[in-house]
Amino acid sequence: MLVAVGLYFGLRNVVDSGEIGWICVLAAFPFALCGFFTYNGMTFEKFLLAVIRSELLYPRKLVFRAENLYAQAMEHSTVKEALRLD
């Protein structure tokens, strides 16, 4: 709504009133679509806040560390000679 009002007052001396109406409708259209947006039960505002938090405010570097879970489980077993950990 504020985008359309700002465009109207900014372009009223440059463009005719018929064209200003179409420009305002086209400029407000993406914001109107945000009212119908849902992702995992979140509205657009909550989704945008979650994206900003996860990607910009709290970015993290994921590090891969391989773990041999079988070897860890067999360390405390009675069959130690079947598994050689060098």
Side-chain angles (χ1 to χ4, degrees):
M1 173 93 170
L2 293 175
V3 173
V5 170
L7 278 173
Y8 174 76
F9 286 115
L11 295 176
R12 68 180 174 179
N13 294 331
V14 179
V15 184
D16 291 336
S17 62
E19 287 82 15
I20 289 178
W22 282 106
I23 292 171
C24 291
V25 167
L26 291 175
F29 183 70
F31 298 102
L33 284 179
C34 292
F36 297 102
F37 180 83
T38 57
Y39 181 75
N40 286 341
M42 293 185 286
T43 61
F44 180 74
E45 294 85 8
K46 289 181 183 178
F47 173 74
L48 189 61
L49 185 61
V51 168
I52 289 172
R53 281 183 184 162
S54 66
E55 298 298 324
L56 299 177
L57 296 180
Y58 305 118
R60 62 186 182 275
K61 186 176 183 180
L62 299 176
V63 179
F64 175 76
R65 291 187 189 106
E67 296 180 9
N68 190 346
L69 297 177
Y70 181 74
Q72 290 176 1
M74 293 300 288
E75 277 182 3
H76 304 292
S77 74
T78 58
V79 189
K80 288 188 179 180
E81 57 272 354
L83 176 68
R84 293 186 179 207
L85 297 175
D86 292 326

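Hydrophobic clustering (ILVMFWY, side-chain heavy atoms < 4.5 Å, transitive): Phe44 and Ile52 are in one cluster. In the hydrophobic clustering of ILVMFWY residues, with side-chain heavy atoms under 4.5 Å counting as a link, Tyr58 and Met42 come out together. Under the 4.5 Å side-chain heavy-atom criterion for ILVMFWY residues, a single connected hydrophobic cluster contains both Phe47 and Leu56. Hydrophobic clustering (ILVMFWY, side-chain heavy atoms < 4.5 Å, transitive): Leu26 and Phe31 are in distinct clusters.
Tyr39 and Phe37 have parallel rings, their planes meeting at less than 30° on a 0 to 90° scale where 60° marks the start of perpendicular.
Counted within 6.0 Å of CG on Leu2, heavy atoms from surrounding residues, nucleotides or ligands total 12 or fewer; the atom is thus considered open.
Of the inter-residue distances, the one linking Phe36 atom CZ with Thr43 atom OG1 reads 13.5 Å to the nearest 0.5 angstrom. Within the model, atoms OG of Ser54 and CG of Leu49 stand 9.5 Å from one another, a figure rounded to the nearest 0.5 Å.
For the side-chain contact (heavy atoms from CB on, under 4.5 Å) criterion with Ile20, the lone passing option out of Val15, Leu7, Val14 is Val15.
Annotation for Ala4 and Cys24: closest pair O-SG, 3.2 Å, computed over non-hydrogen atoms.
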